[in-house]
Amino acid sequence: MTEVVLRAFSPGDIDWLVAQHGVLYANAEGFDASFEVLVRSILEAFAASHDPTCERGWIAERNGKPLGSIFCVRLDETRAKLRLFLLVPEARGLGLGRHLLEECMGFARASGYAGMQLWTHESHKAACALYARTGWQMIDARPVHSFGCDLVEQTWIVRF
């Protein structure tokens, strides 16, 4: 098996990321197309105006094939926001999610942030378990209707 590498996100990754988010979340959660619209808007804004000194996106790949992503963006003066954390099904269970999360958190810490925040849904059991194992705490959970589904939205934080 060839080693997985993490490389910097580029605007050429946008279509792949939008498509993967759309397909994976539609299949697993029943999300409608409004989720893809949100993902595209986040990615296009990041590509257009992120500050590389304190914001970064990574793509995990093996043999040139993308397997996942994670992004660190500025939330405010002291906190970063984790965004667009995704692994394709064949990349799950290999420790790649933890590797991506540690890379993102390490970058945030090295960039001078005192902590991070993320937004997710309780149905993402594996991701939530990973967050808990790596020091994150859920600080809010509320029922919502988003992306055509009834969901429980969660906010998690970690302090460095």
Side-chain angles (χ1 to χ4, degrees), residues 1-29 31 35-76 78-121 123-138 147 154-160:
M1 178 169 84
T2 305
E3 185 176 325
V4 174
V5 296
L6 301 186
R7 65 164 175 81
F9 161 81
S10 75
D13 296 312
I14 291 174
D15 288 341
W16 178 82
L17 278 166
V18 170
Q20 288 302 306
H21 277 84
V23 168
L24 294 173
Y25 282 89
N27 290 343
E29 312 278 343
F31 283 18
F35 185 61
E36 289 181 54
V37 173
L38 173 65
V39 171
R40 183 171 295 281
S41 70
I42 292 167
L43 288 165
E44 288 178 350
F46 182 87
S49 64
H50 79 281
D51 178 350
T53 65
C54 61
E55 298 178 302
R56 190 163 295 166
W58 295 265
I59 302 295
E61 53 180 45
R62 181 187 308 134
N63 296 327
K65 180 183 179 197
L67 301 173
S69 67
I70 197 165
F71 287 73
C72 177
V73 299
R74 180 186 172 108
L75 180 62
D76 59 33
T78 62
R79 294 176 300 159
K81 186 172 187 177
L82 186 152
R83 301 203 88 169
L84 302 172
F85 187 17
L86 176 87
L87 287 177
V88 298
E90 61 267 26
R92 296 177 187 161
L94 305 174
L96 180 55
R98 185 177 188 102
H99 181 56
L100 280 165
L101 184 58
E102 288 173 349
E103 184 75 20
C104 185
M105 291 171 65
F107 173 79
R109 194 177 300 110
S111 296
Y113 293 114
M116 296 184 79
Q117 181 173 310
L118 67 83
W119 166 77
T120 191
H121 298 103
S123 57
H124 303 156
K125 303 276 188 223
C128 292
L130 176 59
Y131 300 139
R133 284 193 310 273
T134 53
W136 292 74
Q137 296 178 321
M138 184 182 46
F147 317 119
Q154 296 180 337
T155 302
W156 291 68
I157 62 168
V158 66
R159 292 182 179 89
F160 303 136

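The first residue in the sequence is number 1, and the count goes up from there.
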Start with the C-alpha gap between V158 and Y131, add the side-chain angles, then the distance that decides, and say whether side chain to side chain contact (heavy atoms under 4.5 Å, CB included) holds.
CA-CA 9 Å; V158 66; Y131 300 139; over 6 Å; no

Under the side chain to side chain contact (heavy atoms under 4.5 Å, CB included) criterion, do R40 and D15 qualify, and how do the steps go?
CA-CA 8 Å; R40 183 171 295 281; D15 288 341; 3.1 Å; yes

List the steps and the verdict of side chain to side chain contact (heavy atoms under 4.5 Å, CB included) for W136 and M105.
CA-CA 11 Å; W136 292 74; M105 291 171 65; 3.3 Å; yes

Audit row: L84, L17, side chain to side chain contact (heavy atoms under 4.5 Å, CB included) steps and yes/no
CA-CA 9 Å; L84 302 172; L17 278 166; 5.7 Å; no

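Between the side chain of Y113 and the backbone N or O of L75, no donor-acceptor pair lies under 3.5 Å. The main-chain N or O of R74 is found under 3.5 Å from a side-chain atom of E55 such that the two form a donor-acceptor pair. At least one donor-acceptor pair under 3.5 Å links the side chain of D51 to the backbone N or O of T53.
Side-chain contact between R98 and L130 is present, with heavy atoms from C-beta onward closer than 4.5 Å. Under the 4.5 Å side-chain criterion, counting only non-hydrogen atoms from C-beta, H99 is in contact with L6. Two residues are said to be in side-chain contact when any heavy atoms from C-beta on lie closer than 4.5 Å; P89 and L24 meet this criterion. Counting heavy atoms from C-beta outward, F147 and L38 have side chains that approach closer than 4.5 Å. The closest side-chain heavy-atom distance from C72 to M116 is below 4.5 Å. Side-chain contact between L96 and L67 is present, with at least one heavy-atom pair separated by less than 4.5 Å. Y25 has its side chain within reach of L86: a pair of non-hydrogen atoms, C-beta onward, lies under 4.5 Å apart.
Across all their heavy atoms, W156 and C128 have their closest contact at CH2-O, 3.5 Å. Between L101 and I70 the shortest heavy-atom distance is CA-CD1, 3.8 Å. Nearest heavy atom pair, residue P52 against residue H50, reads CD-O, 3.3 Å. Nearest heavy atom pair, residue P11 against residue A47, reads CG-CB, 4.1 Å.
In this structure, CD on Q117 lies 10.0 Å from CZ on R159, to the nearest 0.5 angstrom. To the nearest 0.5 Å, atoms CD (E36) and CD (Q20) are separated by 10.5 Å. Interatomic distance, L118 CG to F71 CZ, rounded to the nearest 0.5 Å: 15.0 Å. Between atom CD of residue E3 and atom CG of residue N63 there is a gap of 11.0 Å, rounded to the nearest 0.5 Å. Expressed to the nearest 0.5 Å, how far OG of S69 lies from CG of D13 amounts to 9.0 Å. Rounding to the nearest 0.5 Å gives a distance of 9.0 Å between CD1 of I59 and CG of L100.
Ring geometry, F46 versus F9: the interplanar angle exceeds 60°, so the pair is classed perpendicular (tilted spans 30 to 60°). Using a 30° and 60° split on the angle between ring planes, F31 and H124 fall in the tilted class, from 30° to 60°.
Contact check on R62 versus E90 returns no salt bridge, with no Lys/Arg side-chain nitrogen under 4.0 Å from an Asp/Glu carboxylate oxygen.
Other residues, nucleotides and ligands contribute more than 12 heavy atoms inside 6.0 Å of the CD atom of E102.
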